[in-house]
Every structure is written in structure tokens, then in C-alpha cells.
Amino acid sequence: HNHTQRISLDHDFEVLYEKACEAGIETAFSRAKQTPVPCPFGSAGVCCRHCLEGPCRIGFNGKGPQEGICGANGDTIVARNLLTMMIEGAAGHAEHGRETALALLEASEGNSDYQIKGVEKLYQVAAGLGIETNGKAVEDIGKQVALKALEDFQKQAGAMNWLTLHAQQQSIDKWDELGITPVNVHLEISKAVTRTSMGCDADPVNLLLGCLTMGLVDGFGGLHLSSDLQDILFGVPKLVKSNFRLGVIKKEMVNIAVHGHVPLLSEKIVEWSRKLSEEAKAAGAAGINVVGICCSGNEVLMRHGIPAASSFSSQELVIVTGMLEAMVVDVQCIMPGIQKVAECYHTEIITTLPYVNIAGSTHVDFHTDKADKAAQDIVRKAIANFPKREHQKITSFTGTVEAYAGFSNEQIIEALSALNKEDPLKPLLDAIASGAIRGVAAIVGCTNVREFQDWGNVTVAKELLKNNVLVVATGCSAHSLAKHNLMNMQGLEYCGESLRGVLKAIGQAVGLESLPPTLHMGSCVDNSRPADLLTAVANRLGVEVKDLPAVGSCPETHSPKALVIGTYFLANGVDVHVGVNPQVSGSQFVTDVLCNGAKDDGLNLEKLFGGKLIYEKDPVKAAAILLRRIEEKRLALGLSS
Ligand code: NFS
Ligand code: SF4
């Protein structure tokens with residue numbers, strides 16, 4: 001094996017990468033190798049193209065121009081570019097939330113192919129929003145909750161409903177004082193786009209405060225709102241066992257990959273691939289097999305145990321198996337490159353949203369009132385493609401890795417209740433207090449074509465587990481951990497002894513040999529779940545989230561969405577590690593505010609909120625820093641050392 005060919009810790013993808021290279025099929029990995037060094041100006045965040053006088057860029061080390069044509073200096077340009085990325089990330093999650101809110105409204109009005117399945121969650125959210133539920137029909141309550149959600153895209157004063165629903169009061173007070181509390185999602189996004197445009201906000205401090213507002217927009221209007229409403233529509237995830245790696249693609253089956261984020265469509269694909277399996281048999285297949293990619297994959301894994309084929313960076317390579325009849329996509333993280341790869345095989349790329357098309361692919365328009373029809377069309381297209389397979393082009397894999405998932409907070413609390421019915425959080429708190437668990441880490445975010453796939457995610461996790469940190473995971477990093485045995489019992493060997501003891505005690509209380517070493521909490525919008533878990537723990541202890549020995553780590557991020565999720569956690573005082581350059585190094589000022597302790601009375605994340613951004617490429621070093629931060633917070637809380 002040629003070392004320069006190494007792209008992934010998952011050997012199957014290396015086999016497919018070599019196959020693609022030999023066949024002359026381009027993928028993100030080969031394209032990345034064609035531009036080995038990213039543009040240094042963009043990498044440092046000092047390139048501005050906000051108007052047609054530019055693009056302008058700031059020279060390095062004081063050499064060359066230090067201001068753009070308009071007079072914007074490096075600090076302003078870097079802060080403004082960072083805010084632009086935040087806007088992009090938050091907008092995606094907010095659209096996800098808004099579409100889910102509309103879907104709930106339509107389901108409540110009976111004008112839809114969806115029904116409310118998570119009735120208990122509906123009551124709980126309604127109560128939190130102050131909606132009277134007594135004597136009301138489920139649909140009635142559903143409609144009121146949906147309208148409350150849509151208010152978060154319309155109201156012109158006050159704070160977002162979902163922020164008040166989920167945040168700690170101390171945090172809200174702090175955000176109010178700083179003037180960063182978001183009023184409504186669209187208003188804030190629109191305002192932020194305006195302030196980043198040429199000739200508007202030129203104060204890097206104010207721009208960075210704008211980044212925090214976007215973090216809150218994302219956290220509440222994107223993550224929490226989406227997870228809550230999805231739980232209401234589709235049910236709260238429960239413990240489930242499934243499989244990862246390319247062996248989940250079955251040679252004898254019609255294989256359909258669901259890819260993207262909003263589970264409205266993928267839920268229906270799962271349903272209809274079960275209902276239409278006889279048609280697949282008539283076409284000569286053994287049945288229909290749905291596999292997941294990225295966060296759509298996480299959603300259907302969490303609720304239906306659908307196996308997962310790939311995280312973000314290797315999405316094109318899944319097609320190179322030659323066994324995918326269709327890849328159905330909705331929104332976000334869908335590489336345009338999939339179409340060209342699909343054209344080398346019989347695979348049909350099917351787009352479904354009016355604002356996400358890929359030239360050359362098939363488009364099946366999807367809306368909630370004709371979701372069943374769209375899903376049937378899509379599944380039938382896949383079945384029709386089955387006989388078109390080119391058998392000499394098939395590479396099949398047998399290896400799969402078992403993984404547990406479905407760890408919603410409700411599921412975690414249920415498991416803990418088996419140990420202490422009256423006070424379910426107590427066993428967890430006791431374990432943290434005694435030091436059996438040093439702290440909690442959420443490993444989140446992506447895989448990135450420029451990184452050695454899975455390496456950062458897996459290494460940070462193993463280092464933390466070894467040191468008795470409870471690890472939860474979401475998004476594509478959950479794929480990395482699952483593929484490498486960190487979500488099944490084999491991986492328990494990576495845990496420190498005291499952590500292993502706690503996992504066993506809780507797991508055995510619910511009839512498992514143990515809890516798995518890391519807990520899969522869902523998709524990226526489901527980062528609301530670890531946030532809620534921390535809030536519950538902090539409330540129970542009578543402290544703030546910022547005081548907890550808790551950290552977030554995003555070792556292989558690629559997406560602005562991950563950056564803005566991180567910013568949401570930063571606004572709550574949680575330290576956030578990123579293993580990929582956040583593109584702010586062109587401004588020492590911005591770097592100091594985000595990453596370094598305060599030098600003066602100016603804006604400083606750690607001083608204001610209690611956590612900071614940690615940029616460290618080396619996953620072993622990163623874990624060491626995170627462990628140090630956990631111990632610092634334990635000390636401040638007076639917990640045993
Ligand atoms: Ni999150 Fe999920 Fe994956 Fe990254 Fe993309 S799919 S929303 S952004 S790459 S984790
Ligand atoms: Fe240049 Fe200013 Fe225009 Fe940016 S906004 S491109 S720095 S003139």
C-alpha cells in the first residue's frame with residue numbers, strides 16, 4: 001500500500017479509492033490531492049470579496065497592503081469572514097427547523113402524509129412553551145406548538161421562544177446584558193448579512209458579538225427546534241442496534257442510500273422500501289436495503305436502526321461499489337461530485353428539494369402532502385435500476401461493525417432510572433462527583449477530505465475514554481467512532497477502569513452487558529441533546545453549564561455548520577476544540593478573543609462565558625488539553641481530584 005494513497009482509517013474506502021483512481025474516476029480525495037496547499041490568504045481569513053472594488057487581501061507579517069480599498073483592516077476582514085461562515089451554518093439549520101415546523105403544522109391540520117408519533121414529547125414541549133393542553137386534541141396542541149415555532153421566524157421583539165424554552169436563566173441574563181439575544185431567526189440572519197456587507201459593521205468586537213448571536217440562532221432556532229419537532233413528528237429515539245461500514249450494502253438487494261439532513265423524506269423512503277419489497281423481488285432482487293449517509297443516515301439510524309454506509313468525506317466512494325441503485329438526497333453536505341461518479345455506474349442521483357438540484361441528476365419534487373407518492377416514485381426508480389447493474393464493476397464488502405445508537409436524553413434517563421427511580425440523574429452525578437467519570441465530552445462534527453478519515457475523531461475519543469471521560473457523539477464523527485468499535489462492547493477495552501464500571505452498571509440495569517463506550521446521540525441538529533443533558537445536570541447541581549467539567553471536540557470538521565454549533569456551545573461557556581484551521585489566524589486580535597486568555601478588559605470569550613476555542617491539529621495533544629480543562633473545572637467545582 002502506497003502511503004500517499006492513504007485516505008481513511010476505514011480500509012474499505014481505501015480499496016474503493018484505489019479502484020476509482022485506476023478507473024480514472026475523480027473523487028473529492030483525488031481533487032484534494034490536485035490542490036495540495038489551500039490558498040494562504042483564504043486560510044488566514046484575510047481575503048475579502050464583499051464588494052466589486054475588491055477582492056482585497058491583507059499582506060502577511062505587516063508586508064503589503066494592511067487595509068482593503070475601503071479601509072477595512074485585517075481584524076475587521078477576519079471577523080467579518082467568520083461571521084459570514086456563521087450565517088451560512090445557522091441558515092442551514094434554521095431552514096431545517098422551519099421546514100420541520102411547517103411539516104408539524106401541516107400534519108396537525110390533517111393536510112399531510114405525516115402524523116404526530118411522539119405524543120409524549122408533544123405534551124412536554126407544549127408544557128414548556130406554556131401551552132394549555134388540558135382537554136385538547138393532539139392535533140390542536142401540535143398546531144399550537146408549530147405556530148410557536150414559526151413565531152421564532154417572525155416575532156419582532158423579545159427573545160426566541162425556543163431560547164426561553166431551553167436556556168438557563170443565568171445565560172439568558174448574560175446574553176441580554178451583552179445585547180446578543182436573538183429575537184427571531186430570519187431577522188438575525190438578515191441583520192447579520194447586512195452587517196457583514198461592504199460599508200457596515202467595521203468593529204471586530206461587535207462583529208464577534210454578532211457571531212455569538214448566530215451561535216444562539218443556530219443552537220435554538222436550528223438544533224433544539226429541529227430535534228424537538230422531529231421527536232414530535234417521528235418519535236423520540238430509543239436504544240437500537242445496527243451496523244456500520246460498507247458491508248451494509250448488500251449485493252443481492254436493491255440498495256438505496258439516503259443522504260442529507262431533514263428526515264422528512266428519508267422516513268418515507270424507509271417506510272416505502274419495506275412496503276414495496278415484493279416489487280423488488282419481482283425484479284430479481286432479494287429485497288430493498290436502505291443505507292444511510294451523513295446526518296440523514298444518523299436520523300434513520302436513531303429511529304429505525306437503518307445501517308450506515310458513509311460519513312461526509314467518502315460519500316462519492318459509496319457509489320464506486322457499483323451496487324447503489326439510487327442515492328436520494330435532500331439538503332446540505334451533498335457533494336456535487338456525486339453526479340459525475342454516478343454517471344460511471346448505473347446509480348441514479350435523485351434530488352428532492354426545489355432549491356437543491358444537481359445538473360444531470362433526476363429530480364423528484366417532494367412535499368409533505370405528497371410525500372408517500374414521491375417516496376414510492378423514488379423506490380420504484382431504484383428497483384428499475386437494479387437490472388442495469390454492471391456486474392464486472394461491482395466491489396462488495398462483507399465486513400460490518402455492530403453499533404448501538406438511539407441515546408436520546410429520554411433513553412439515557414430511562415436507563416439511569418433503573419438505578420435510581422426517584423432521582424435518575426443521581427447515579428451519573430455521583431459518578432462525576434467521585435471521579436469515576438472525570439467529565440463529559442461530546443465528539444461532534446464532520447469528516448473532512450483533507451484529513452485522514454476517522455483518525456482525529458477516533459483518536460480524541462480513545463484518549464478521553466482511557467482517561468475516564470464519558471463520551472457522547474453526533475454527526476459524522478459518530479460514524480467514525482461506530483466504525484472503529486467505539487459503539488459496541490468490543491470497544492470497552494479502550495475505557496479506563498472506573499468509566500467501564502459505570503458503563504457496566506448502567507447498561508446492566510437495562511439488560512445490556514454494558515453501555516457502549518460512546519453514546520450515539522444523533523445527527524448534528526441533535527447536538528441539542530448533549531446540550532440539554534448538560535443543562536439538566538447543571539440545573540440539578542444548581543450551577544451553570546459553564547461550570548461543568550464538559551467539553552466539545554470537533555476533530556475533523558469541514559462545515560460552517562459545525563463552527564456555528566461550536567459557537568453555540570462557546571456562548572454557554574463550554575470549551576470547544578476544532579482540529580481543522582478555523583481560518584482566523586490572519587488577525588491576532590480575533591485569535592486572542594476566541595482562543596487566548598484575556599490580555600486586557602476587552603472582549604474575551606473565556607472571561608465572558610467561561611470557555612474558549614481550542615485549535616489543535618494533533619488529536620493526542622488536543623485530548624490532553626481537553627483533559628486539562630476538565631480537571632480545571634472539576635477543581636473550581638470542588639470535585640475530587
Ligand atoms: Ni454536521 Fe451532518 Fe456530516 Fe459535518 Fe455534514 S453531514 S450536519 S456538517 S459533514 S457532521
Ligand atoms: Fe475590499 Fe472593502 Fe470591498 Fe472587501 S469590502 S472587497 S475590503 S473594498
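The basis for the numbers below is simple: all heavy atoms, side chains too, and nothing from hydrogens, waters or symmetry mates. If you read the sequence from its start, that first residue is 1, and numbering goes on from there. Start at 1 and go down the list; that is how both ligands and their atoms are numbered.
Using a 3.5 Å distance cut-off with no hydrogens or angles, the side chains of Asn457 and His479 do not pair a donor with an acceptor. For the 3.5 Å distance criterion, the side chains of Thr362 and Glu348 qualify, holding a donor opposite an acceptor. With hydrogens and angles left out, the side-chain atoms of Gln453 and Ser8 include a donor and acceptor closer than 3.5 Å.
Ranking the protein heavy atoms by distance from atom 4 (Fe) of ligand 2 puts Cys48 SG, 2.3 Å first. Remark: minimum distance from atom 8 (S) of ligand 2 to any protein heavy atom is reached at Cys70 N, 3.5 Å. Protein heavy atom at the shortest distance from atom 1 (Fe) of ligand 2 is Cys56 SG, 2.3 Å. Closest protein heavy atom to atom 5 (S) of ligand 2: Met198 CG, 3.4 Å.
Of the charged side-chain nitrogens involved, none lies within less than 4.0 Å of a carboxylate oxygen, so that Glu556 and Arg450 do not count as a salt-bridged pair. Using a 4.0 Å cut-off between charged nitrogen and carboxylate oxygen, Arg245 and Glu402 do not count as a salt-bridge pair. The pair Glu410-Lys121 meets the salt-bridge criterion, since a charged nitrogen lies less than 4.0 angstrom from a carboxylate oxygen. The existence of a salt bridge linking Asp454 and Lys483 is confirmed by a sub-4.0 Å separation between a basic side-chain nitrogen and an acidic carboxylate oxygen.
Contacts between His558 and ligand 1 below 4.0 angstrom, taking non-hydrogen atoms only, involve the side chain exclusively. Counting heavy atoms under 4.0 Å from ligand 1, residue Cys446 touches it through both backbone and side chain.
Between atom 3 (Fe) of ligand 2 and Cys51 there is an N/O/S contact shorter than 2.8 Å. Put simply, Cys476 stays out of reach of atom 2 (Fe) of ligand 1, with no N, O or S atom under 2.8 Å from it.
A heavy-atom separation below 4.0 Å is found between Gly445 and ligand 1. Residue contacts with ligand 2 leave out Arg57, since none of its heavy atoms falls under 4.0 Å from the ligand.
If you run side-chain hydrogen bond (donor to acceptor under 3.5 Å, both in side chains) between Asn527 and each of Thr474, Asp218, Asp532, only Thr474 comes through.
Shown in contact with Gly54 at under 4.0 Å from a heavy atom are these atoms of ligand 2, numbered in order with element: 6 (S). Against a heavy-atom cut-off of under 4.0 Å, Arg80 is close to the following atoms of ligand 2: 4 (Fe), 5 (S). Listed by atom number, the atoms of ligand 2 under 4.0 Å from Gly68 heavy atoms are 7 (S). Atom numbering of ligand 2 starts at 1 in the shown order; those under 4.0 Å from a heavy atom of Glu53 are 8 (S).
The heavy atom nearest to atom 1 (Ni) of ligand 1, considering only Ala478, Cys524, Pro560, is found in Cys524.
With atom 2 (Fe) of ligand 1 as vertex, His261 NE2 and Cys295 SG subtend 100°, rounded to 10°.
Residues Phe312 and His558 place their aromatic rings such that the two centres sit under 6.0 Å apart.
A cation-pi contact, defined as under 6.0 Å to the ring centre and within 45° of the axis, is absent between Arg303 and Phe234.
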